[in-house]
Amino acid sequence: MSFDTVIMVDWSGGNDRGATPKKDAIWTCIARAGQAEPPLYHRNRQIAETYLQDTLTAEQTAGRRTLAAFDLCFAYPAGFAEKLTGSDDPLALWDWFAARVTDTPGLNNRFDLAGQINTQFPGIGPFWGNGRPNHDVPHLPRKGRDRTGHDLPEHRATDLAAPGAFSPWQLSGAGAVGGQVIMGLPMLSRLRHHFGAALSVWPFEAPAADIVLAESYFSLLPASYLTGHAIRDAAQVALYARAFSALTPNQWQTVLDVVPTAEGWVLGLGHQDLLKGAAMPDLTPPPLRNDCFAMPQGAHWTPVEDALAHLRAQLSPITATETIPLAAAAGRILAAPVIAARSHPPHANAAVDGYAFAGPLPDGPRTLPLHPGRAAAGDPFIGTVPDGHALRILTGANIPDGTDTVVLQEDTAANDTHIALHGPLKQRANARKAGEDMTAGSDVLPAQRRLTPADLATLAACGTGQVAVHKRLRVGVLSTGDELRAPGAPATDGQIFDANRAMLLADIGRWGHAAIDLGIAPDDRPKLRTILDDAADRCDAILTSGGASAGDEDHMSALLQGTGTLALWRIAMKPGRPLALGLWQNTPVFGLPGNPVAAQVCALVFAHPALAHLAGAQWPTPQGFSLPAAFSKSKKAGRREYLRARITDGAAEVFPSEGSGRVSGLSWATGLVVLPDAAAQITPGTPVTYIPFASFDL
């Protein structure tokens with residue numbers, strides 16, 4: 001069971017939307033085998049229905065099985081169809097609506113028909129939400145809370161299973177779907193009768209015909225998957241067409257295996273993981289090239305900037321992607337841009353408690369009659385405020401129709417019928433514009449960004465519930481040398497405690513990666529080979545310390561040399577210099593110096609940006625500050641120097657000793673002073689560059 005072609009349709013219950021593509025309109029998209037064509041805009045239902053009939057005919061003629069999925073309810077809650085048609089058959093209800101709906105590009109009778117339907121049920125309802133300003137439709141309440149005793153469920157079972165799904169009884173207001181259902185069922189009825197036995201309707205009929213119609217819902221996939229189109233509706237039809245068309249025959253069998261009921265079901269509901277995998281499968285970039293670390297021939301002493309530029313040019317992300325809940329995304333790296341699911345704020349709203357009216361207000365005292373009701377956050381006023389009237393409004397409430405300006409409550413005197421206030425007051429005073437922060441369909445955050453707590457607030461505000469991120473980079477840390485012992489273990493005078501491993505593991509954790517402790521490797525080449533083999537299976541990258549030069553006991557360099565990928569960099573820097581880089585079973589290895597200070601400086605300068613880049617993030621450049629020196633130093637030309645430093649009375653003080661073994665200087669320092677490659681004579685007061693450890697994400 002599968003389909004050659006998938007057509008996704010975003011339907012609309014409104015009037016003709018004009019020649020220019022717009023949101024909240026009709027959009028369609030065709031996809032085959034996971035590849036979507038550009039979405040198409042249809043300005044009204046008549047044009048869209050003709051397009052669908054012609055397209056389905058063309059697909060049938062070409063011998064392609066086609067699924068056409070619509071974002072409108074194919075059925076109503078139980079009891080509705082039987083009351084109107086005498087049968088619970090939803091397809092009979094389609095024909096019932098087709099016989100009674102009148103529709104032109106500029107006018108239709110959906111509100112009047114809903115009011116007439118309400119008269120056939122006890123009490124008030126079930127339909128509500130008259131969208132016509134200054135016109136009350138008989139038997140159609142404006143607010144849902146005004147209904148009572150109509151004896152019908154508010155939702156179908158599939159609506160309850162789909163988070164955020166709206167009731168088909170609501171005809172107007174944000175997110176309402178009732179209007180497009182009334183205006184969509186007649187179109188579905190006509191398509192069904194036009195194609196006859198060549199068309200079936202899932203899940204009410206077996207999906208075995210050339211053409212299958214199904215109900216969809218455009219909130220099954222995370223909003224972060226919506227890319228490539230500024231208009232959200234266009235991005236949605238493209239995303240879902242691509243996802244459904246990429247399903248395999250076995251996956252289709254799973255998705256379509258639903259026990260049919262008269263209430264219908266949303267296609268794909270309950271199988272979101274299948275759709276996610278089809279829409280955005282985990283992507284694992286190709287491995288790094290064997291020569292990615294090789295410097296140009298003739299390079300001997302490599303300046304720091306040249307080494308960094310080489311790493312930046314040769315490295316690329318190596319992590320796969322995954323989709324996670326927004327609440328778990330702090331510190332993770334975006335794998336795709338995030339598009340605003342809706343505007344923020346979604347509607348013009350009040351910035352203060354007060355009264356809304358149509359501005360501006362001229363200079364002088366004014367008295368305005370109060371219109372009944374009020375607008376509050378989460379409880380918008382339904383209807384239109386008459387010209388010259390004011391309405392009570394609370395902070396955060398949607399600005400009601402007929403108003404655009406809010407006066408602060410403290411600037412008014414009020415009774416039950418009027419308010420008195422002084423002008424002047426500018427039009428739209430104390431009112432926030434819809435989308436003034438973010439607009440639906442706009443780019444909110446770019447790919448490669450590491451998400452901060454503030455980013456989570458931004459994404460939540462625009463409706464993002466899940467994000468596509470890179471999986472955490474798994475970084476192993478290995479110390480090498482027979483002289484090393486674990487801290488706290490017995491040690492002789494000829495042995496030292498391993499300071500590097502604890503430090504580097506902590507660095508990696510602070511950088512947002514998954515740190516993996518690989519322990520201590522002895523100066524034994526076969527044992528080191530076994531450790532590296534195991535590490536390559538568990539890690540995406542490896543940091544080692546010690547054995548990175550070209551001496552008799554530098555086994556790390558020797559093993560990398562045997563892979564044909566070793567690049568032994570002589571960096572023109574102090575401390576540091578020897579830096580061994582290579583690939584072990586396609587896993588990048590960064591061989592750092594053994595002395596703790598040199599190991600940490602090389603980790604900050606080279607490993608920090610390189611690992612971030614491998615993890616999918618933007619290449620980070622540490623921010624430095626110019627401060628007066630609080631020390632004296634005569635520096636020779638030829639290499640860059642990094643001095644442990646801290647700020648004292650607004651000046652950069654450096655650690656008294658520059659020895660790479662003086663690890664306590666790292667605790668003393670709060671950052672590094674960087675002296676340039678050229679010769680320099682530093683005296684107290686000379687401007688120097690100070691980079692705080694915080695600029696290295698520590």
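These figures come from a predicted structure and were not determined experimentally.
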Open item on the list: My understanding is that only one of Asp533, Thr563, Thr544, Thr565 makes a side-chain hydrogen bond (donor to acceptor under 3.5 Å, both in side chains) with Trp584; could you say which?
Closed with: Asp533
Closest approach of [X] and [Y], non-hydrogen atoms and distance?
{"X": "Leu484", "Y": "Ser479", "result": "CD1-CB, 3.7 Å"}
{"X": "Arg644", "Y": "Gly659", "result": "NH2-O, 3.1 Å"}
{"X": "Glu653", "Y": "Thr648", "result": "OE1-OG1, 2.5 Å"}
{"X": "Pro609", "Y": "Leu604", "result": "CD-O, 3.7 Å"}
{"X": "Ala238", "Y": "Ala36", "result": "O-CB, 4.0 Å"}

Side chains of [X] and [Y] in contact at under 4.5 Å (non-hydrogen atoms):
{"X": "Phe606", "Y": "Leu308", "value": "yes"}
{"X": "Val469", "Y": "Glu322", "value": "yes"}
{"X": "Ile682", "Y": "Val688", "value": "yes"}
{"X": "Leu288", "Y": "Thr587", "value": "no"}
{"X": "Phe655", "Y": "Leu666", "value": "no"}
{"X": "Asp306", "Y": "Pro303", "value": "yes"}
{"X": "Gln495", "Y": "Asp482", "value": "no"}

Looking just at side-chain N and O atoms, do [X] and [Y] make a donor-acceptor pair shorter than 3.5 Å?
{"X": "Ser664", "Y": "Ser667", "answer": "no"}
{"X": "Thr670", "Y": "Tyr690", "answer": "yes"}
{"X": "Gln681", "Y": "Ser634", "answer": "yes"}
{"X": "Thr452", "Y": "Asp455", "answer": "yes"}

TODO: Measure the CD1-CZ distance between Ile691 and Phe696 for me, rounded to the nearest 0.5 Å.
DONE: 4.5 Å
Tell me whether the count of non-hydrogen atoms from other residues, nucleotides or ligands lying under 6.0 Å of [atom1] in [X] goes above 12.
{"X": "Asp649", "atom1": "CG", "result": "no"}
{"X": "Arg342", "atom1": "CZ", "result": "no"}
{"X": "Lys635", "atom1": "NZ", "result": "yes"}

Task: Partners meeting salt bridge (charged side-chain N to carboxylate O under 4.0 Å, His left out) with Lys633 (sequence neighbours left out) - done: Glu641, Glu658
Open item on the list: Among Val601, Val597, Leu675, exactly one meets side-chain contact (heavy atoms from CB on, under 4.5 Å) together with Tyr642. Which residue is that?
Closed with: Val601
TODO: Hey, could you give me each pair passing side chain to side chain donor-acceptor pair (under 3.5 Å) that has a residue in residues 605-619? Not counting sequence neighbours.
DONE: His608-Asp697
